[in-house]
Amino acid sequence: MIKTLLKSVREYKVPSILCPIVMVGEAVMEILIPFMMTFIVGQLQDLAEFGTPINITDLVICAVLMVVCAVFALLCGVWGGKLGAKASCGFAHNLREDMYNNLQTFSFANIDNYSTSSLITRITTDVTNVQTAYQVSIRMLVRAPVLFISAIIMTSFIEPMMALIFGCAAVLLALVVCFCMFKVIPYFRTMFKKYDSLNSVVQEDLTAIRVVKSYVREDRETEKMARAAEDLYKYSVKAERILTVMMPFVTLTMFIVNVLILTLGSNMYVGNVVGWGEGIEPKQIQTLIQYSAQILSGVMMVAMCLNFIFLSKGSMDRICEVLNEKTTLPKPNAPVFEVKDGSIEFENVDFAYSQKANEKVLSEINLKIEAGEMVGIIGATGSGKTSLVSLVPRLYDVTQGAVKVGGVDVRNYDMNTLRNKVAMVLQKNVLFSGTIAENLRWGDENATEEDLRFVAKQACADEFIDGLLGGYDYDLGQGGVNVSGGQKQRLCIARALLKKPNVIIFDDSTSAVDTKTDAHIRDALRKYAPDTTKLIIAQRIASVQDADKIIVMDEGKIVGIGKHGELLKTNKIYREVYESQMKGGEENE
């Protein structure tokens with residue numbers, strides 16, 4: 001896990017390495033200051049008790065050295081803070097970038113393993129937690145042990161038995177920290193799942209805010225949000241309740257140590273503790289107290305660092321899960337970089353969304369489509385229509401058999417090459433923030449205004465674009481909220497046509513336009529894209545009845561292929577759909 005995360009440090013290795021070194025310098029300077037102070041106190045004590053003359057030169061040198069150490073420690077602290085901030089922020093930047101880049105390689109099967117809210121939480125909250133843990137690790141987690149160990153070493157020179165007391169206290173604190181870690185990590189793991197649930201509620205409500213308001217369900221959604229927030233609060237409190245034990249226990253332990261130092265040290269001084277440090281002096285007891293404070297500071301910093309690390313452990317696991325996820329669509333060893341034409345062939349194709357699935361979504365699919373044909377696909381909901389066409393641009397891989405485009409198995413194509421030549425207008429129309437022109441240029445970023453107008457005319461979108469303020473520079477708003485559903489569909493069709501694909505797939509993408517506009521779009525496709533293969537999934541017979549061939553699907557199988565007239569005579573399912581729609585039309589009249 002650590003190895004996976006550290007790959008994202010990259011260009012921030014230098015500040016990441018320099019920061020701990022600088023923090024060690026700060027810790028060493030802080031250790032030397034009490035030692036030099038002992039010398040000054042000893043000189044003053046000798047003067048007060050025995051009238052020994054003070055060596056002014058030595059005192060000045062010692063005082064100057066203390067000032068130098070203090071200033072050096074200050075500079076090291078400031079520099080270390082800057083290096084730590086640069087390294088941790090850069091690390092977080094790379095980590096988010098690496099996660100997002102890996103997400104772009106995911107197949108639909110990979111994406112199905114995660115909820116959108118979970119991925120958002122991982123890229124935002126989880127990375128922030130890891131960033132904080134990384135910063136305290138390269139700063140405090142290095143500085144604190146050096147301060148702690150150095151203070152114990154200096155103490156052992158003054159009085160070894162006192163160092164033994166510090167050592168015993170350290171072992172006791174380590175046991176408490178390990179116990180807290182063992183107890184708190186499961187709560188943090190659950191807590192991050194609750195974060196996902198909370199984000200899911202927020203995302204769903206904001207996306208469907210119009211539906212919520214139209215059904216007057218604000219109260220229900222508010223209650224749902226409150227439950228999600230309460231669950232998160234509950235586990236956060238349980239985790240923090242355990243962690244709050246650490247700091248008071250550290251403080252209590254070190255205060256007890258201070259009491260022992262004062263008690264034993266004073267008794268040693270007056271000779272009441274036989275065999276323990278005869279000859280110890282008050283100045284040494286004072287130094288021990290100062291080192292005790294530094295040890296306390298070191299232990300508290302380590303406890304705080306471990307607190308952050310415990311918190312981020314669950315985040316690290318979740319981030320590594322995304323970083324280590326490999327696409328289910330492997331790259332071919334010798335990819336093909338040219339799609340000859342739009343011919344499509346399915347050879348004994350079976351397909352399931354998961355290898356663990358008991359039932360296949362598609363089975364025994366054998367189909368051949370010539371380049372330039374217009375093919376309609378009809379079937380009940382769940383019959384496998386969308387699954388069938390999703391295999392053409394290799395959004396998923398077949399479980400068995402092969403899908404060929406231009407005579408080549410889609411698994412042998414370079415992915416970008418294949419998908420640039422297979423355009424797909426999805427059932428759910430997706431537009432992005434920006435102008436109409438910017439959205440259309442997703443099909444071709446170098447398209448001229450003339451190109452935009454041409455494809456807009458084919459998609460029957462020009463009639464409403466010209467009426468908008470600004471025309472092609474009209475701002476669609478977030479997700480295209482400023483246009484209607486039918487207008488969205490026409491813009492998505494125009495965007496796909498701009499790619500000049502060999503194959504274009506319409507997944508029920510004219511359902512929100514009227515039948516007249518639907519017919520105009522099909523006529524334009526025949527006229528302006530005669531060599532482009534057109535696959536049209538539709539619920540309306542009228543949308544496909546003039547197709548070169550119509551495919552009827554039922555329960556993942558092809559149960560009929562032919563023209564409109566042929567299927568009316570030979571296919572029961574097609575005839576029933578046609579009659580129900582014709583009857584509905586007559587009743588509406």
Side-chain angles (χ1 to χ4, degrees), residues 97 100-101 103-104 116 206-210 339 342 389 392-393 395 415-514 516-537 543:
E97 193 174 70
Y100 195 78
N101 289 342
L103 283 171
Q104 297 303 312
T116 304
L206 293 179
T207 304
I209 190 65
R210 287 175 173 80
V339 181
V389 298
V392 177
L395 300 180
M415 192 73 76
N416 290 341
T417 300
L418 173 66
R419 291 181 179 173
N420 277 329
K421 288 300 180 181
V422 179
M424 193 167 185
V425 186
L426 300 172
Q427 189 172 9
K428 183 180 179 181
N429 302 285
V430 178
L431 296 173
F432 298 88
S433 300
T435 65
I436 290 176
E438 288 170 346
N439 271 270
L440 293 180
R441 285 196 174 99
W442 274 66
D444 180 2
E445 60 183 359
N446 299 315
T448 63
E449 187 174 343
E450 184 179 347
D451 293 332
L452 300 183
R453 292 185 178 278
F454 178 71
V455 295
K457 185 174 182 179
Q458 291 184 63
C460 297
D462 57 327
E463 57 190 46
F464 76 84
I465 293 176
D466 292 335
L468 296 173
L469 183 64
Y472 288 84
D473 293 324
Y474 179 74
D475 193 338
L476 291 172
Q478 185 177 2
V481 296
N482 293 332
V483 290
S484 68
Q487 290 170 338
K488 278 185 184 180
Q489 284 191 337
R490 282 179 275 178
L491 288 174
C492 290
I493 293 170
R495 181 174 64 189
L497 293 173
L498 199 58
K499 292 179 69 173
K500 299 181 176 65
N502 289 354
V503 178
I504 186 166
I505 300 168
F506 299 94
D507 187 358
D508 201 18
S509 51
T510 57
S511 58
V513 300
D514 57 83
K516 182 179 179 181
T517 302
D518 187 9
H520 278 309
I521 292 172
R522 294 198 309 275
D523 290 341
L525 288 173
R526 286 186 181 279
K527 182 177 180 181
Y528 296 109
D531 298 326
T532 299
T533 304
K534 298 159 279 285
L535 305 181
I536 303 173
I537 295 176
S543 297

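Worth knowing before you read on, the calculation uses all heavy atoms, side chains too, and leaves out hydrogens, waters and symmetry mates.
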Inset, instruction - Answer whether the closest heavy-atom distance between the side chains of Leu431 and Cys492 falls below 4.5 Å. - result: yes
Legend entry - Student check: side-chain heavy atoms of Tyr474 and Ile465 closer than 4.5 Å: no
Legend entry - side-chain hydrogen bond (donor to acceptor under 3.5 Å, both in side chains) partners for Glu450, two or more places apart: none
Inset, instruction - For the pair Phe506 and Leu426, evaluate side chain to side chain contact (heavy atoms under 4.5 Å, CB included) and give the outcome as yes or no after the intermediate values. - result: CA-CA 7 Å; Phe506 299 94; Leu426 300 172; over 6 Å; no
Inset, instruction - For the residue pair Leu452 and Arg441, establish whether any side-chain heavy-atom pair is separated by less than 4.5 Å. - result: yes
Legend entry - Distance (rounded to the nearest 0.5 Å) between Thr435 OG1 and Asp473 CG: 5.5 Å
Inset, instruction - Heavy atoms only: give me the nearest Pro501-Ala496 pair and the separation to one decimal. - result: CD-O, 3.7 Å
Inset, instruction - Could you tell me which non-hydrogen atom of Gln458 sits nearest to which non-hydrogen atom of Leu497, and how far apart they are? - result: CB-CD1, 3.8 Å
Inset, instruction - Over all heavy atoms of both residues, which pair between Ala494 and Leu440 is shortest? Give the atoms and the distance, please. - result: CB-CD2, 3.8 Å
Legend entry - Side chain to side chain, Gln487 and Asn482, heavy atoms closer than 4.5 Å: no
Inset, instruction - Could you tell me whether Arg490 and Asp462 make a salt bridge, using a distance below 4.0 angstrom between a side-chain N and a carboxylate O? - result: no
Inset, instruction - Quick one: pull up NZ in Lys488 and CG in Leu476 and give me the separation to the nearest 0.5 Å. - result: 9.0 Å
Inset, instruction - Would you check if the side chain of Lys499 reaches a backbone N or O of Arg419 as a donor-acceptor pair within less than 3.5 Å? - result: yes
Legend entry - 4.5 Å side-chain heavy-atom contact, Leu525 and Thr532: no
Legend entry - Atom pair OG1 (Thr533) and CD1 (Ile504), whose distance is rounded to the nearest 0.5 Å: 11.0 Å
Legend entry - Main-chain N/O of Leu491 paired to Asn439 side chain as donor or acceptor, under 3.5 Å: no
Legend entry - Heavy-atom side-chain proximity of Leu395 to Val389 below 4.5 angstrom: no
Inset, instruction - Enumerate the residue pairs fulfilling ring pair (Phe, Tyr, Trp, His ring centres under 6.0 Å) with a member in residues 416-441, sequence neighbours excluded, ordered by first and then second residue. - result: Phe432-Trp442
Inset, instruction - To the nearest 0.5 Å, tell me how far Lys457 NZ sits from Asp466 CG. - result: 11.0 Å
Legend entry - Least distance between heavy atoms, Asp475 atom then Gly434 atom: OD1-O, 3.2 Å
Inset, instruction - Can you see which heavy atom on Cys460 is nearest to which on Ile521, and at what distance? - result: SG-CG1, 3.9 Å
Inset, instruction - Answer whether the closest heavy-atom distance between the side chains of Leu468 and Ile436 falls below 4.5 Å. - result: yes
Legend entry - Closest approach of Ala529 to Lys534 (non-hydrogen atoms, all atoms of both residues): O-NZ, 2.9 Å
Legend entry - Validation row: Arg522, Ser543 side chains within 4.5 angstrom (heavy atoms): yes
Inset, instruction - Could you tell me the separation between the CE atom of Met424 and the CG atom of Leu535, rounded to the nearest 0.5 Å? - result: 9.0 Å
Legend entry - Atom pair CG/CG of Leu498 and Asn446 - distance to nearest 0.5 Å: 10.0 Å
